[in-house]
There are 2 protein chains.
Amino acid sequence: MPSPTSESAPAAPRQRSTRQRRALLAELEASEGFRSAQDIYAALRAGGEKVGLATVYRALQALVESGEVDQVQSDVGEAAYRLCSRTHHHHLVCRQCGRTVEIAGPAVEKWANRVAEDNGYEDVSHSVELFGVCPVCQKQARQRK
Amino acid sequence: MPSPTSESAPAAPRQRSTRQRRALLAELEASEGFRSAQDIYAALRAGGEKVGLATVYRALQALVESGEVDQVQSDVGEAAYRLCSRTHHHHLVCRQCGRTVEIAGPAVEKWANRVAEDNGYEDVSHSVELFGVCPVCQKQARQRK
DNA sequence: TGCTAGAATGAGAATCGTTATCATTATGAC
DNA sequence: GTCATAATGATAACGATTCTCATTCTAGCA
C-alpha cells in the first residue's frame with residue numbers, strides 16, 4: 001500500500017514537551033521504586049496537576065519506547081514504571097513496600113546470550129527480576145509478632 | 001480466631017478430579033509452548049468440551065498453586081500457562097510463535113541468591129525469562145523478504 | 001509578534017483479561 | 001444410595017488499559 005501522495009522530508013517523529021509530561025517526569029524522579037500508572041496518575045492529581053489518565057498512559061508509553069523509563073509486569077498483571085539509567089540492568093524489588101535496588105548482572109547477560117545462541121534463538125532480550133523482602137519490612141514483620 | 005466446633009482430622013484440603021480438570025490437563029499436555037487462559041478455554045470449547053471460562057481460570061490457578069503448572073506474565077499483561085516439570089527452571093520463549101525451551105540455570109540461581117543476600121533481602125524468588133525468535137520463525141521471516 | 005499545522009490533551013466510552021457471585025450439579029467417602 | 005461440600009457455569013462486576021474525537025497547546029515560521 002503505497003502512500004497516496006509524494007513526500008519530501010522524512011518527517012522525524014518529534015516529541016513535544018508539555019506541562020503534563022514535565023510533571024510526570026518530575027514525579028518519576030521523586031520516586032523510589034516502581035510505580036503503577038494508576039498510582040502515578042493519582043499522585044499527580046493529588047499534587048494539583050491537571051492531567052488525564054490517558055495522557056499518563058501515553059506519556060509513559062512514549063518514555064518506555066525512548067528508553068528513558070523501565071517497565072516491568074507485576075505478578076498481578078499490572079504494569080509498573082521507573083525512571084532508569086541508560087545502562088542495562090535488573091531489579092531487586094521488595095514484595096511488600098516496592099523498595100528497589102538496581103543490580104548490574106554482567107554474568108547474567110553472558111549466560112542469557114549463550115543459552116539463546118545454543119538453542120538457535122536470535123534477537124534475544126531477557127527479563128530478570130528478583131523479588132524479596134527488604135530489611136526494613138523484615139524488621140517491621142518481626143516487631144508485629 | 002478458633003474454629004467454632006472441635007475437629008478431629010486435619011481435613012486435608014482435597015482436590016477433586018473432574019471431567020473439566022482432566023480435559024484441561026490433557027490440553028496442556030498436548031501443548032508446546034505457553035498458552036493463555038483464554039486460548040485454552042477456546043481450544044477446549046472447539047474440541048467439544050463443555051466447560052466454563054471461570055472454571056478454566058480456577059483450575060489453572062489451582063495447578064499453579066500446586067506447582068504443576070508454570071505461569072508467566074506476557075509483555076501485554078496477559079497470563080500464560082504451561083505444564084511443567086517439578087524442578088525449578090526458566091524459559092526461552094519465541095516472541096513470534098511461543099515455542100518454548102526449558103532451561104536450567106544453576107548459575108543464575110546462585111547469582112540471584114547472592115545478590116539478594118548482599119542487599120539484605122530475604123525470602124527471595126526470581127523471575128527469569130528469555131525472549132527471542134526461534135529458528136523456525138527466523139527462516140519464515142527470511143523467506144518473506 | 002501573530003499565525004498555523006498538527007501534536008498533545010482529556011473526558012468518557014469501549015476493550016479485554018480476570019475475578020466474584022450464587023444457584024445448580026457432580027464427586028467421593030460412608 | 002445418601003450426603004456434605006467441592007466444583008461448575010452463566011453472568012455480572014471489576015480494574016487496567018486503549019480508543020475516540022473534539023478541543024487546546026506547542027513550536028516553528030512569516
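All chains are named by letter (A, B, ...) in the order of the sequence lines, taking the proteins before the strands, and each is independently numbered beginning at 1. Scope of the values below: all heavy atoms of this structure, side chains included, with no hydrogens, waters or symmetry mates. The structure displayed is predicted, hence computed values, not measured ones.
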Ignoring hydrogens, what is the shortest heavy-atom contact between [X] and [Y]? Give both atom names and the distance.
X: B:Leu44; Y: B:Glu27; answer: CD2-CB, 3.9 Å
X: A:Val56; Y: A:Tyr41; answer: CG2-CD1, 4.0 Å
X: B:Tyr121; Y: A:Gly132; answer: CD2-C, 4.0 Å

Step-by-step side chain to side chain contact (heavy atoms under 4.5 Å, CB included) determination, A:Leu25 to A:Leu63: CA-CA 9 Å; A:Leu25 249 330; A:Leu63 286 168; 4.1 Å; yes
Atom pair distance, as rounded to whole Å: CZ in B:Arg16 and P in C:dT27: 9 Å
Whole angstrom value for the distance that separates C1' of C:dT25 from CZ of B:Arg19: 11 Å
A:Ser36 and A:Gln38 side chains, donor-acceptor separation under 3.5 Å: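 The answer is no; no qualifying pair exists.
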Sugar-phosphate, base or nothing in reach of A:Gln38, heavy atoms under 4.0 Å: base
Sugar-phosphate, base or nothing in reach of B:Ser17, heavy atoms under 4.0 Å: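 Sugar-phosphate contact only - B:Ser17 comes under 4.0 Å of backbone atoms but never of a base.
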B:Gln20 side-chain N/O to D:dG9 phosphate OP1/OP2 under 4.0 Å: yes
Under-4.0 Å side-chain N/O to phosphate OP1/OP2 contact, A:Thr18 with C:dT9: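 Checking A:Thr18 against C:dT9: at least one side-chain N or O falls below 4.0 Å of OP1 or OP2.
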Neighbours of DNA chain C within residues 57-65 of chain B, by heavy-atom distance under 4.0 Å: B:Tyr57, B:Arg58, B:Gln61
Sorted by number, the residues of residues 39-55 of chain A with heavy-atom contact under 4.0 Å to DNA chain D: A:Leu53, A:Ala54
Positions of residues 21-29 of chain B (non-hydrogen atom under 4.0 Å from DNA chain D), listed by number: B:Arg21
Quick one, [X] and [Y] - any side-chain contact, counting heavy atoms below 4.5 Å?
X: A:Thr55; Y: A:Leu24; answer: no
X: A:Ser17; Y: A:Arg22; answer: yes
X: B:His90; Y: B:Glu102; answer: no

Side-chain donor/acceptor of A:Gln138 to backbone N/O of A:Val133, under 3.5 Å: yes
Working for side chain to side chain contact (heavy atoms under 4.5 Å, CB included), residues B:Asp70 and B:Tyr81: CA-CA 6 Å; B:Asp70 260 8; B:Tyr81 305 84; over 6 Å; no
Bend angle of the helix from C:dT1-D:dA30 to C:dC30-D:dG1, end axes from five pairs each (to 10°): 30°
Determine all donor-acceptor pairs shorter than 3.5 Å in which one atom belongs to a side chain in residues 111-120 of chain A; sequence neighbours excluded.
unit_1: A:Asn113; atom_1: ND2; unit_2: A:Glu109; atom_2: O; d: 3.3
unit_1: A:Asn119; atom_1: ND2; unit_2: A:Val115; atom_2: O; d: 2.8

Side chain to side chain contact (heavy atoms under 4.5 Å, CB included) between B:His91 and B:Phe34, intermediate numbers included: CA-CA 10 Å; B:His91 303 100; B:Phe34 279 87; 3.5 Å; yes
Pairs meeting criterion salt bridge (charged side-chain N to carboxylate O under 4.0 Å, His left out) with involvement of residues 39-50 of chain A, two or more places apart: A:Arg19-A:Glu49, A:Arg35-A:Asp39
